[in-house]
Structures are given as structure tokens and as C-alpha cells.
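Written below as C-alpha cells is the structure these notes are about.
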Amino acid sequence: MQKVLVIEDEEGMRDILKTYLENNGYEVLVAENGKAGLEYFNNNNKDISIILLDIMLPDISGWSLLKTIREKSKVPVMMITARGEEYDKLLGFELGADDYVVKPFSPKEVIARVKAILSRTYGASEEDGKTEYEGISINVSSREVTVDGEKIDLTPKEFDLLKLLIDNKGKVVSREKCLNEVWGYDFYGDLRTVDTHIKQLREKLGEKRKLIKTVWGIGYKLDGE
């Protein structure tokens with residue numbers, strides 16, 4: 001049973017999310033503030049599959065909590081907030097959030113997003129959960145990447161981008177497709193978000209950076225030629 005940590009200060013919202021998540025087969029931990037949420041995370045971080053994190057917490061801001069979580073773990077994090085400005089979304093994604101949902105929302109929508117993130121994060125694209133291309137090896141189950149046998153650390157978005165490119169190796173992947181597949185269909189950020197993450201990914205790939213080709217005006221492709 002996959003474990004979900006809900007960090008939300010509104011009791012009614014916590015209860016609704018807990019009920020819907022449990023009815024869909026998830027084990028749920030609930031925290032009413034950032035301090036309690038961080039304690040739950042520190043005690044259960046190896047078992048937690050995803051975190052639903054409210055930004056407007058009474059003690060610790062969701063942004064600060066997200067930063068702390070990202071220093072220790074790559075666990076998927078969905079930000080929950082009443083604030084829907086594009087700046088807030090961009091900041092959340094830059095800090096390592098995997099998705100962003102704005103109140104008021106349908107609990108069924110949240111469940112659908114949770115399932116999509118978990119499938120994208122832990123579902124294997126190969127039978128053994130691993131795939132390799134030109135010395136770049138990714139393990140979908142553990143979210144680990146090695147380059148010529150040496151492990152490199154990627155953010156969740158960088159990992160998803162690399163996986164998308166490997167799954168479409170030799171094919172051009174448009175910036176729009178990158179946004180839709182990695183950030184979600186409801187993300188309205190600038191296409192430059194993709195360019196920024198590709199730049200960061202290239203830096204981490206070292207000599208393998210040359211495998212990511214820019215197709216001007218369209219997007220990118222992974223090609224060994």
C-alpha cells in the first residue's frame with residue numbers, strides 16, 4: 001500500500017483528502033502544520049510515496065518545507081494552495097514540486113493527479129524498470145541515473161525530461177510536449193522553463209551533454225549521431 005503524507009492546516013480539507021485517498025487504497029498520514037509534517041517526513045521518508053503540501057501553513061511556509069524536503073529526498077510533492085498566480089507555480093516547480101493544484105478543487109481531480117504522478121514516478125517503462133542509451137542508464141523504480149557507471153543526481157523534473165527523451169530517442173520532442181508530459185497539461189508557464197531545465201540537465205550529463213540535440217524552433221532530441 002502506497003503511503004501519502006498530507007500537510008494541510010485546514011481540518012476540513014485534511015479530512016476530505018484523507019477520506020478520498022483511503023477510499024482509493026492509499027495509506028494516509030496527516031499533519032496540521034509544517035513542523036508536524038517535517039517530523040512525519042523525517043520518521044517515514046523511506047516509506048512515503050508522495051506528499052500533498054499546502055503552501056500557506058501557520059508555522060513554516062510550504063516553500064521552506066519543500067526546500068528542506070528536496071535536500072533529503074526526491075519524493076514527489078504536489079503543492080496545494082489558494083494562490084493561483086503564475087509566479088507561484090513557477091516558483092514551486094523551480095523548487096522541485098511535481099504538480100500544483102489550486103483551491104477550490106475537486107477531490108477526484110486530486111486523486112487523478114496523484115495516480116498520474118505515482119505512475120510517472122514509480123511505473124517502469126521496461127520490464128526490469130531500467131533502460132539505457134549511449135552509456136546513460138536510468139532506473140525508473142529507484143529514480144537513479146548513471147552516466148558511464150557513475151551516479152548523477154537529478155531533480156524530479158530533470159529525471160522526467162531525460163526519461164521522456166530516452167523514450168523518444170532519435171525523435172524530435174517539442175517544447176510543448178515536454179511541458180505537457182513533464183509539467184502537466186494545465187501548466188501555463190513559459191516555454192523557456194523547458195530550455196532552462198534542458199540546460200541544467202546537459203550540465204549534469206557531462207560529456208554526454210552532446211547527445212541532447214537542439215532542433216531550433218521546435219524542441220530537442222536524444223541522438224548519438
Side-chain angles (χ1 to χ4, degrees), residues 5 7 38 41-42 45-46 48-53 55 61-81 86-101 113-114 116-125 129-133 136-147 150-168 173 175 177-209 211-212 214 219-220 222:
L5 172 58
I7 307 175
L38 185 58
F41 170 74
N42 287 333
N45 66 81
K46 293 184 179 180
I48 294 173
S49 299
I50 187 171
I51 298 174
L52 274 58
L53 173 59
I55 292 177
S61 77
W63 302 131
S64 296
L65 196 52
L66 177 58
K67 287 181 181 179
T68 300
I69 291 170
R70 278 291 166 259
E71 290 172 357
K72 303 177 181 180
S73 172
K74 297 180 180 178
V75 62
V77 177
M78 179 191 295
M79 307 303 291
I80 299 178
T81 180
E86 183 174 310
Y87 170 79
D88 292 323
K89 292 186 178 182
L90 288 173
L91 178 58
F93 287 126
E94 289 173 0
L95 292 176
D98 293 84
D99 202 354
Y100 195 111
V101 63
R113 288 171 178 265
V114 167
I117 293 173
L118 293 176
S119 176
R120 194 164 62 234
T121 302
Y122 303 107
S125 61
K130 298 179 182 179
T131 186
E132 185 174 352
Y133 181 74
I136 301 174
S137 178
I138 67 173
N139 186 312
V140 180
S141 299
S142 64
R143 304 277 290 182
E144 293 182 350
V145 177
T146 60
V147 176
E150 294 188 11
K151 183 179 177 181
I152 63 172
D153 291 323
L154 301 182
T155 67
K157 296 304 180 189
E158 291 166 356
F159 181 93
D160 291 339
L161 268 177
L162 180 59
K163 181 179 181 298
L164 178 63
L165 291 172
I166 288 182
D167 287 346
N168 293 273
V173 182
R175 289 177 176 83
K177 182 176 177 65
C178 289
L179 281 178
N180 290 338
E181 294 290 331
V182 176
W183 280 267
Y185 285 93
D186 64 341
F187 178 67
Y188 298 105
D190 197 299
L191 290 176
R192 288 174 296 182
T193 299
V194 176
D195 300 332
T196 298
H197 281 75
I198 288 290
K199 179 181 178 181
Q200 295 169 349
L201 179 58
R202 280 173 168 156
E203 291 176 354
K204 294 182 178 182
L205 290 177
E207 292 297 320
K208 299 296 182 180
R209 67 169 66 89
L211 294 175
I212 301 180
T214 299
Y220 301 91
L222 197 67

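Since the structure is predicted, the reported quantities are computational estimates derived from the model, not experimental observations.
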Just verifying a value: how many Å separate [X] [atom1] and [Y] [atom2], rounded to the nearest 0.5 Å?
X: Glu181; Y: Asp167; atom1: CD; atom2: CG; result: 9.5 Å
X: Leu38; Y: Leu65; atom1: CG; atom2: CG; result: 5.5 Å
X: Glu94; Y: Trp63; atom1: CD; atom2: CH2; result: 10.0 Å
X: Ile69; Y: Asn42; atom1: CD1; atom2: CG; result: 9.0 Å
X: Ile198; Y: Leu205; atom1: CD1; atom2: CG; result: 9.0 Å
X: Thr155; Y: Leu95; atom1: OG1; atom2: CG; result: 11.0 Å

Can you confirm whether [X] sits close enough to [Y] that some side-chain heavy atom of one is under 4.5 Å from a side-chain heavy atom of the other?
X: Lys163; Y: Thr131; answer: no
X: Leu162; Y: Ile136; answer: yes
X: Val101; Y: Asp99; answer: no
X: Thr214; Y: Arg202; answer: yes
X: Phe41; Y: Val75; answer: yes
X: Glu207; Y: Val147; answer: no
X: Val114; Y: Leu52; answer: yes
X: Tyr220; Y: Val194; answer: yes

Please find the pair of heavy atoms, one from [X] and one from [Y], that lie closest to each other, and give the distance.
X: Val182; Y: Lys157; value: O-NZ, 3.0 Å
X: Ser49; Y: Pro76; value: O-CD, 3.2 Å
X: Leu53; Y: Gly62; value: CD2-O, 3.5 Å
X: Ala97; Y: Met79; value: CB-CG, 3.6 Å
X: Arg143; Y: Phe159; value: NH1-CD2, 3.2 Å
X: Arg175; Y: Gly219; value: NH1-N, 3.6 Å

Who are the side chain to side chain donor-acceptor pair (under 3.5 Å) partners of [X], not counting sequence neighbours?
X: Lys204; result: Glu158
X: Thr196; result: none
X: Thr146; result: none

Legend entry - Exceeds 12 heavy-atom contacts within 6.0 angstrom, atom CD of Glu203: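 More than 12 heavy atoms, drawn from other residues, nucleotides or ligands, come within 6.0 Å of this atom.
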Legend entry - N/O donor-acceptor pair under 3.5 Å between Lys74 side chain and Leu154 backbone: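 A pair under 3.5 Å: yes.
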Inset, instruction - Kindly say whether Val77 contributes a backbone atom to a donor-acceptor pair with the side chain of Asp98 at under 3.5 angstrom? - result: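 Yes, Asp98 side chain to Val77 backbone: donor-acceptor pair under 3.5 Å.
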Inset, instruction - Taking only Lys NZ, Arg NE, NH1 and NH2, and the carboxylate oxygens of Asp or Glu, determine whether Asp195 and Lys199 approach each other closer than 4.0 Å. - result: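 Judged by the 4.0 Å cut-off on N to carboxylate O distance, Asp195 and Lys199 do not form a salt bridge.
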